[in-house]
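Notes to accompany the following structure.
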There are 2 protein chains.
Amino acid sequence: MIDKAERLLAVKSVKPTSVRILVLAHLLKDAKAQSLKDLEVSLYNTDRSSIFRTLKTFEEYKVVHSIDDGSGMMKYAVCAEGCNCDPKDLHYHFYCTNCSLTYCLLDNPIPIVTLPENFKMHQANMVIKGLCDKCP
Amino acid sequence: MIDKAERLLAVKSVKPTSVRILVLAHLLKDAKAQSLKDLEVSLYNTDRSSIFRTLKTFEEYKVVHSIDDGSGMMKYAVCAEGCNCDPKDLHYHFYCTNCSLTYCLLDNPIPIVTLPENFKMHQANMVIKGLCDKCP
DNA sequence: CAATGCCATGCAACCCGATTGCAAAGGTTA
DNA sequence: TAACCTTTGCAATCGGGTTGCATGGCATTG
Ligand SMILES: [Mn+2]
Ligand SMILES: [Mn+2]
Ligand SMILES: [Zn+2]
Ligand SMILES: [Zn+2]
């Protein structure tokens, strides 16, 4: 995962510092959307603000995208290959209200929504809430 | 608006106290989604926590629904007539990144999303972000 | 009417995720 | 080596949301 992280950082032109490699490797390893706190707990000897700023950098360089799933904590997930975080790359997210896991539903494109006259869409945050397949 | 608020509270079986009438009248008057802070500023002689608890009560009794538009503040909007806050009453919301207004897009039903096997949808928060018709 | 009980309200304090200021550490370049 | 820029760690702060507690208002009961 370390190698994979380093390669991905190179592709995205982000300088591969130690914190960045660790954070990205962890996001790649547990292939689920993770919060700042999740990462803080997992990388317990790395400072929270460093992880925070790393995530901001990752967002800026389209390494990860953030998901506001309504849980109160922003979640971060590695962007799929080819993703540029454009409207066309938008996808649904599913938040399990039981286990708190957040999933990227990459298979369903989000539909074109007919907006009122002269409204322009730039981004979207589409979250479906319910129970995942591992929860009762 | 005061009358309308009192009538609506009666319909929803919520005891019409002074704070509740004021809050609901204000939500009805400015027919847009408003945050706790918005209401706090408008009803400057009413306590924040009272407004907060009023909004919680309104949610519980399906008087209003809340919208997490990603602005960092929860927004509240009066439910349309006949709304029971069931999945069938879900609708898109539009958040203008310029003027920070949040609109209920009541005309577009949200589509049925094909979920992975054994995932069950209970709720959803669908927010489209961009520019509204009053913004450049 | 007085006593009781319940719910709503106001105020202050707290919680917690997010964010920032600042100095030290690392690495790069001249 | 010296100057410079970026990253990191630590501590403090911010801000929306939430809660504990005492008071107030109102209705019910005796
Ligand atoms: Mn995703
Ligand atoms: Mn709405
Ligand atoms: Zn689950
Ligand atoms: Zn606007």
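Computed from a prediction, not measured in an experiment: that's the story for all the values here. In what follows, chains carry the letters A, B, and so on, assigned in the order in which the sequence lines appear, proteins first and then strands, with residues in each chain numbered from 1.
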Residue list, side-chain contact (heavy atoms from CB on, under 4.5 Å) with [X], at least two apart or on another chain:
| X | answer |
| --- | --- |
| K88(A) | D86(A) |
| P111(A) | Y92(A), Y92(B), P111(B) |
| K37(B) | S35(B), E40(B), V41(B), M73(B) |

Practice task
List in numerical order all residues of residues 38-50 of chain A for which some heavy atom is under 4.0 Å away from an atom belonging to DNA chain D.
Solution key: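 Listed by number, they are T46(A), D47(A), S49(A), S50(A).
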Exercise for the section: Tell me which residues in residues 20-30 of chain A put a heavy atom below 4.0 Å from DNA chain D, sorted by number, or none. Expected result: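 Hits under 4.0 Å, by residue number: R20(A).
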Problem - Qualifying ring pair (Phe, Tyr, Trp, His ring centres under 6.0 Å) pairs with a residue from residues 12-40 of chain B, counting only residues at least two apart or across chains - result: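 Output for this query is empty, none listed.
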Throw together a table of side-chain donor-acceptor distances under 3.5 angstrom for residues 123-136 of chain B, partners on residues two or more places apart or in other chains.
unit_1  : atom_1 : unit_2 : atom_2 : d
N125(B) : ND2    : D68(B) : O      : 3.0

Problem - All ring-ring contact (aromatic ring centres under 6.0 Å, His included) counterparts of F94(B), not counting sequence neighbours - result: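 ring-ring contact (aromatic ring centres under 6.0 Å, His included) check on F94(B) returns F119(A).
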Handout entry: Of all pairs that satisfy salt bridge (Lys or Arg N to Asp or Glu O under 4.0 Å), the ones with a partner from residues 69-84 of chain B, not counting sequence neighbours
Key =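 Non-adjacent pairs meeting salt bridge (Lys or Arg N to Asp or Glu O under 4.0 Å): D69(B)-K75(B).
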Problem - Residue pairs involving residues 13-27 of chain B (criterion salt bridge (Lys or Arg N to Asp or Glu O under 4.0 Å); sequence neighbours excluded) - result: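 Counting only pairs at least two positions apart or across chains, no salt bridge (Lys or Arg N to Asp or Glu O under 4.0 Å) contact touches residues 13-27 of chain B.
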Check nucleotides 21-25 of chain D against the protein and report each pair of N or O atoms closer than 3.5 Å, with its distance, or say if there are none.
none

Which side-chain N or O atoms in residues 57-67 of chain B pair as donor and acceptor under 3.5 Å with protein atoms at least two apart or in another chain?
unit_1 : atom_1 : unit_2 : atom_2 : d
T57(B) : OG1    : R53(B) : O      : 2.9
E59(B) : OE1    : K56(B) : NZ     : 3.3
E59(B) : OE2    : S66(B) : OG     : 2.8
K62(B) : NZ     : N84(B) : O      : 3.3
H65(B) : ND1    : A77(B) : O      : 3.4
H65(B) : NE2    : H91(B) : NE2    : 3.2
H65(B) : NE2    : H93(B) : NE2    : 3.3

